[in-house]
Q: 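Below are the structure tokens for one structure; questions will follow.
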Amino acid sequence: MGALVREMEVSAEELTRCAVIREVQRGLIPQPRSLAPWLFYDAAGSRLFERITVLPEYYPTRTERAIFAGYAEGIITAAKGASTKPLRVVELGAGTASKTGILLDAAVKLQGAVTYVPIDVSASALDEACESLSRSLTEVCVEPEVANYVTDALELAPHDGPTMALYIGSSIGNFAPDEARAILRNLRGQLKSGDSLLLGTDMVKDEAILVAAYDDENGVTGAFNLNVLRRLNKELGADFDLARFRHQARWNAAESRIEMHLESLTAQRVRIPAANLMVPFANGETIHTENSYKFTADSVRSLVEDSGFSVEETWMDERGWFAVTLARV
Ligand code: AVI
């Protein structure tokens with residue numbers, strides 16, 4: 001058994017390595033160069049992201065949490081609607097006890113117990129989510145699901161009662177509009193009448209506030225961005241010199257998104273042996289590593305309506321910086 005588990009672990013690692021190689025070849029051969037944001041989240045990158053969420057400049061996490069803390073009961077009541085049956089909570093991405101826990105806690109208060117289905121590609125992220133939730137909330141029955149909701153068709157187990165699907169943290173903002181619609185349509189395909197989507201979206205605001213949130217004074221977001229190159233050095237034997245690249249955060253008003261780039265500070269060539277590549281960079285050339293789309297009430301409405309939902313209720317913080325929208329099937 002031990003050997004079998006070890007073999008499966010090796011193959012999961014091997015699959016990730018193949019995906020990293022494919023992504024490097026897709027993104028670094030053509031110009032303009034780009035790399036997909038999922039590359040951020042190795043163990044070191046995930047730790048850096050946790051640090052980002054508590055930075056003074058990075059308002060989204062604490063703002064969304066405050067909305068949940070203020071309105072959790074109203075959110076759960078609205079999601080249940082007229083149903084007398086227990087609400088099930090499904091989450092795209094493995095939530096952390098701190099944010100999702102507020103909603104689950106409210107569901108427990110209203111109906112005694114709740115089934116929670118976190119869906120994530122990463123089994124270890126699911127393990128962590130289960131562990132922290134089971135420590136804090138014993139009335140939550142956790143049924144984790146390992147799946148890639150971006151690339152694969154979702155399959156939800158049947159449930160006798162309404163389902164509320166969470167897609168929070170403005171994670172939807174890291175996808176281009178057509179991909180975002182495809183993700184929500186995939187989810188919509190698994191929901192039935194009376195079910196709902198609770199969508200967290202970061203809103204358009206003053207450019208200086210947006211840029212600071214992605215270029216903090218202490219350089220944590222810079223380290224998070226540069227960690228992609230460190231990962232390619234470690235996993236593919238690449239020879240990126242991190243001192244010759246610089247983190248950039250730019251507001252692209254036409255596309256309504258923050259873009260993160262890594263700018264080459266000299267003309268240089270980088271070898272990536274495992275991908276059979278030698279990549280030449282001009283001085284000032286960038287690798288585009290992330291988009292983080294920012295929304296308006298209208299763009300949220302068109303996103304959810306194009307995906308087969310209708311907006312039922314929206315909760316916001318006082319400044320209107322972040323929105324949590326309940327959209328009904
Ligand atoms: C995960 N995602 C919603 C974050 C965002 O704000 O777009 C990722 C992030 N990138 C830099 N800082 C945070």
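Whatever order the structure lists ligands and atoms in, that order sets their numbers, starting from 1. Values below: every heavy atom of this structure, side chains too, minus hydrogens, waters and symmetry copies.
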Q: Quick test of your reading of the model: are Glu179 and Arg181 salt-bridged, counting only N-O distances below 4.0 Å?
A: no

Q: Check whether any N or O atom of Ser171, backbone or side chain, sits under 3.5 Å from an N or O atom of ligand 1, and answer yes or no.
A: no

Q: For ligand 1, find out whether one of its N or O atoms is nearer than 3.5 Å to an N or O atom of Tyr214.
A: yes

Q: Can you sort out which atoms of ligand 1 are near Gly169, meaning under 4.0 Å from one of its heavy atoms?
A: 3 (C)

Q: Would you check if there is a donor-acceptor pair between the side chains of Thr100 and Glu91 at a distance under 3.5 Å?
A: yes

Q: Taking atom types as modelled, is there a side-chain donor on Ser34 or His288 under 3.5 Å from an acceptor on the other?
A: no

Q: Closer than 4.0 angstrom: is that true for some heavy atom of Tyr293 and an atom of ligand 1?
A: no

Q: For Thr151 and Asn148, test the side chains for any donor-to-acceptor distance below 3.5 angstrom and give the result as yes or no.
A: yes

Q: What residue and atom, counting heavy atoms only, is the protein's closest point to atom 8 (C) of ligand 1, and at what distance?
A: Glu290 OE2, 3.4 Å

Q: Is the backbone N or O of Tyr293 less than 3.5 Å from a side-chain atom of Asn291, with the two atoms forming a donor-acceptor pair by type?
A: no

Q: Please check if any side-chain donor atom of Thr221 sits under 3.5 Å from a side-chain acceptor atom of Asp216, or the reverse.
A: yes

Q: Answer yes if the side chains of Ser264 and Gln268 hold a donor-acceptor pair under 3.5 Å, and no otherwise.
A: yes

Q: List the closest protein heavy-atom neighbour of atom 4 (C) of ligand 1: residue, atom name, distance to the nearest 0.1 Å.
A: Tyr58 OH, 3.4 Å

Q: Has Pro60 got any heavy atom lying under 4.0 angstrom from an atom of ligand 1?
A: no

Q: Could you tell me if any non-hydrogen atom of Ser170 lies under 4.0 Å from any atom of ligand 1?
A: yes

Q: Does the N or O separation between Tyr41 and ligand 1 drop below 3.5 Å for any pair?
A: no

Q: At a non-hydrogen distance cut-off of under 4.0 Å, which region of Phe40 contacts ligand 1 (side chain, backbone, both, or neither)?
A: neither

Q: Please confirm whether Ser292 comes within less than 3.5 Å of ligand 1 when only nitrogen or oxygen atoms on both sides are compared.
A: yes

Q: Just checking, Arg88 and Tyr116: is the charged tip under 6.0 Å from the six-membered ring centre and within 45° of the axis?
A: no

Q: Nearest protein heavy-atom contact for atom 1 (C) of ligand 1: which residue, which atom, what distance?
A: Asn174 OD1, 3.4 Å

Q: If we ignore angles and hydrogens, is there a donor and acceptor under 3.5 Å between the side chains of Tyr214 and Ser292?
A: yes

Q: Considering the heavy atoms of Phe224, write down every atom of ligand 1 situated less than 4.0 Å from one of them.
A: 10 (N), 11 (C)

